[in-house]
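A short write-up of the structure that comes next.
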Amino acid sequence: MTSTAPDPSQTAFVSSGLAALARPSRLVFPIDSPVLLAKLIAASARTTPSARPPLRLTDLARFDSILSAFSRTWEHGTVVVHRDDTGNRTLVVLDVQLGPSALPRPAKKRKRPVRDEDADSATGDPEDEHVDADAAPGEDEHADPPTSPSRHLSRELREVYAILQRGTAKGRLLAERFRSTNAFEPVCPRITKDDCAKFRAQAQGADSGSSICPRVHFRPIIRAHTDPSLGHCSYLNTCYSEPTYALSPSIPPLPSAPRPPGTMSTPVSLPSGLGAGGRGKEKAPCRYLHYEVDWDEGDGSAFVANSNTSQGGVTFSQRDSSKEVAKAQEFKLPIGLGPTSEDKPLLPPQWINCDLRRFDYSVLGKFHVIMADPPWDIHMSLPYGTMTDDEMRAMPIPALQDEGLLFLWVTGRAMEVGRECLRVWGYTRVDEVVWIKTNQLQRVIRTGRTGHWLNHTKEHMLVAVKTRTDSAGNIVYPSWCNRGLDTDVIVSEVRETSRKPDEVYGLIERMCPGGRKIEIFGRKHNTRPGWLTLGNQLGADQLYEEDLKSRIQARYPERISISNPSAGSQSIAR
Ligand code: SAH
């Protein structure tokens with residue numbers, strides 16, 4: 001049996017779950033198999049909460065093979081699938097039709113919205129919008145039978161019908177037209193145009209003109225009662241005193257409040273009980289600073305240093321009046337190509353099976369990124385051997401890097417020991433990522449298996465940097481590192497004991513595209529293109545970097561045939 005071969009309980013689970021979901025037409029086609037699997041699992045959790053479903057979200061390959069088998073023969077009807085071989089090879093379910101044996105009892109009529117026969121399938125079926133696609137099978141036993149016109153067709157014709165039901169180019173274009181565009185409007189870290197212009201003038205030198213950046217700026221609202229020396233109100237535009245707050249569409253109008261003559265707005269029931277201008281219980285206007293967006297024609301387009309005009313103390317560049325003023329330019333975060341400044345294809349995953357306490361790190365060369373999830377001695381029973389604090393401190397991490405980033409997972413008492421190790425190894429901690437653990441239903445885990453005082457819902461990964469110094473002794477941070485792209489929170493599902501979320505690789509690879517990356521204390525599932533993984537549960541080594549292979553062969557001559565990953569499963573430096 002291969003690793004993706006399903007067992008009978010899994011096949012039965014998919015078969016009955018699919019029939020239950022298809023019976024009340026709760027599926028909208030085409031549907032990607034990962035989404036369908038999530039729906040089946042969610043539906044079974046609702047109907048039989050105590051039973052563990054025999055398939056998990058990670059069993060996608062098995063699920064796909066079950067669906068493929070059903071597309072040939074399925075006891076309840078017909079399943080039409082299609083595999084997209086061009087892109088990510090996702091299995092797409094084009095249609096599921098129940099056969100006569102699976103059709104439900106006649107049922108009471110349900111009101112249906114009028115259907116526009118001209119509506120294009122790709123823009124969405126109006127009926128489907130009224131259906132809770134996630135509702136549990138069985139909850140709607142008396143729903144109408146499927147009314148698909150394809151029900152009485154032969155299998156072949158049903159396949160043709162299902163293909164015809166797929167989105168057309170016209171539909172996709174229409175859907176694209178109405179898709180909300182990226183609403184990300186980056187805010188200038190200097191906040192006001194004045195400060196932005198001053199900052200840029202300082203940074204770029206006096207002759208650069210005082211242009212401002214194309215991001216969004218704010219200007220302070222100075223009212224009679226404002227005292228700028230107090231600084232900004234922490235509620236800002238959500239302060240009850242702010243007139244703009246009263247315009248929020250989520251605040252209900254005061255019961256039967258008449259609209260004051262000459263105004264467009266109706267008095268609203270602010271939480272303070274006052275109209276805007278009152279401040280909570282104090283019934284006084286807020287004296288702190290508030291802000292409004294400072295947007296002038298031409299803002300957001302590229303400003304040129306020359307031919308400037310002055311407005312309100314800030315100098316703006318003149319734009320070509322014959323051209324239409326761009327409202328805002330698409331903002332792209334500057335993303336560098338990483339340490340090598342090249343966009344090269346990554347090497348396939350490489351790994352070395354070894355005992356990291358004894359392995360000679362000098363053969364590995366230098367890395368731009370290190371990630372480590374050590375077997376800290378956290379006084380807990382773990383399915384692998386742990387390392388003492390002294391062994392951890394003594395690890396030759398400094399040999400692996402001259403300049404670069406180190407990502408170190410820490411938990412429990414290792415939150416302190418880990419920080420100490422960073423200092424011993426010569427690193428500066430600059431950040432910390434938390435991983436919020438979710439369960440299969442994508443809810444936050446609240447009854448953790450770890451934690452003596454509180455249940456642990458999160459894990460921590462320290463972000464540290466090893467820097468060079470310039471001739472004057474100043475610290476020089478790695479210039480190739482893309483900063484400010486990701487946030488420091490990952491929300492992701494828990495998997496096997498100690499297994500960390502895959503999202504972390506995306507975060508690291510965005511900070512450091514390309515370059516050499518090593519993961520120590522990794523397992524087989526951690527191996528990735530562009531990374532070298534070291535650990536003692538990896539099996540036969542796999543190496544592609546020629547110089548690395550020859551250094552290892554020279555240092556460990558007893559090692560046979562590491563150049564051919566399939567030739568042996570011997571590990572090095574035992
Ligand atoms: N980050 C991993 C989990 C790491 S658990 C994941 O996402 O799955 C720690 C790993 O370190 C285990 O595989 C353990 O077997 C390995 N390990 C423990 N002691 C080791 C040693 N001395 N040398 C190499 N690997 C070791």
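All values derive from a computational prediction rather than experimental measurement. Atoms within a ligand are numbered from 1 in the order they appear, just like the ligands themselves.
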Could you check whether [Y] and [X], counting side-chain N and O atoms only, form a donor-acceptor pair closer than 3.5 Å?
X	Y	answer
Tyr384	Ser498	yes
Glu545	Gln350	yes
Ser15	Trp74	yes
Asn526	Thr533	no

Out of all atoms in ligand 1, which are within 4.0 Å of some heavy atom of [X]? Include the element for each.
X	result
Arg499	6 (C), 7 (O), 8 (O)
Met387	22 (N)
Gly385	18 (C), 19 (N)
Arg523	2 (C), 3 (C), 6 (C), 8 (O), 13 (O)

Self-check item: Close approach, Gly522 and ligand 1, non-hydrogen under 4.0 angstrom
Solution: no
Quiz item: Touching ligand 1 at all, His525? Heavy atoms, strictly under 4.0 Å?
Solution: yes
What is the nearest protein non-hydrogen atom to [atom], stated with its residue, atom name and distance?
atom	result
atom 13 (O) of ligand 1	Gln537 OE1, 2.6 Å
atom 10 (C) of ligand 1	Phe521 O, 3.6 Å
atom 3 (C) of ligand 1	Asp373 OD2, 3.3 Å
atom 23 (N) of ligand 1	Leu356 N, 2.9 Å
atom 22 (N) of ligand 1	Asp355 OD1, 2.9 Å
atom 20 (C) of ligand 1	Asn536 ND2, 3.3 Å

Quiz item: Which pairs pass salt bridge (charged side-chain N to carboxylate O under 4.0 Å, His left out) with one or both residues in residues 458-476, sequence neighbours excluded?
Solution: Glu403-Arg468, Lys437-Glu459, Glu459-Lys500
Self-check item: Selection residues 528-540 - residue pairs positive for salt bridge (charged side-chain N to carboxylate O under 4.0 Å, His left out), sequence neighbours left out
Solution: Glu509-Arg528
Quiz item: Are Arg495 and Asp502 within salt-bridge range, i.e. N to O under 4.0 Å?
Solution: yes
Quiz item: Side chain, backbone, both or neither: which part of Cys354 has a heavy atom under 4.0 Å from ligand 1?
Solution: backbone
Exercise. Please state which part of Asn526 comes within less than 4.0 Å of ligand 1, counting heavy atoms only: side chain, backbone, both or neither.
Key: side chain
Practice problem: Check whether any side-chain N or O of Lys517 sits under 3.5 Å from a backbone N or O of Gly514 as a donor-acceptor pair, and report yes or no. | Solution: yes
Practice problem: Would you check whether Pro375 has a nitrogen or oxygen atom less than 3.5 angstrom from a nitrogen or oxygen atom of ligand 1? | Solution: no
Exercise. Could you pull out the closest heavy-atom pair between Glu503 and Val491, with the gap in Å?
Key: OE2-O, 4.4 Å
Quiz prompt | Pairwise side-chain contact, Leu36 with Leu18, heavy-atom cut-off 4.5 Å (strictly under) | solution = yes
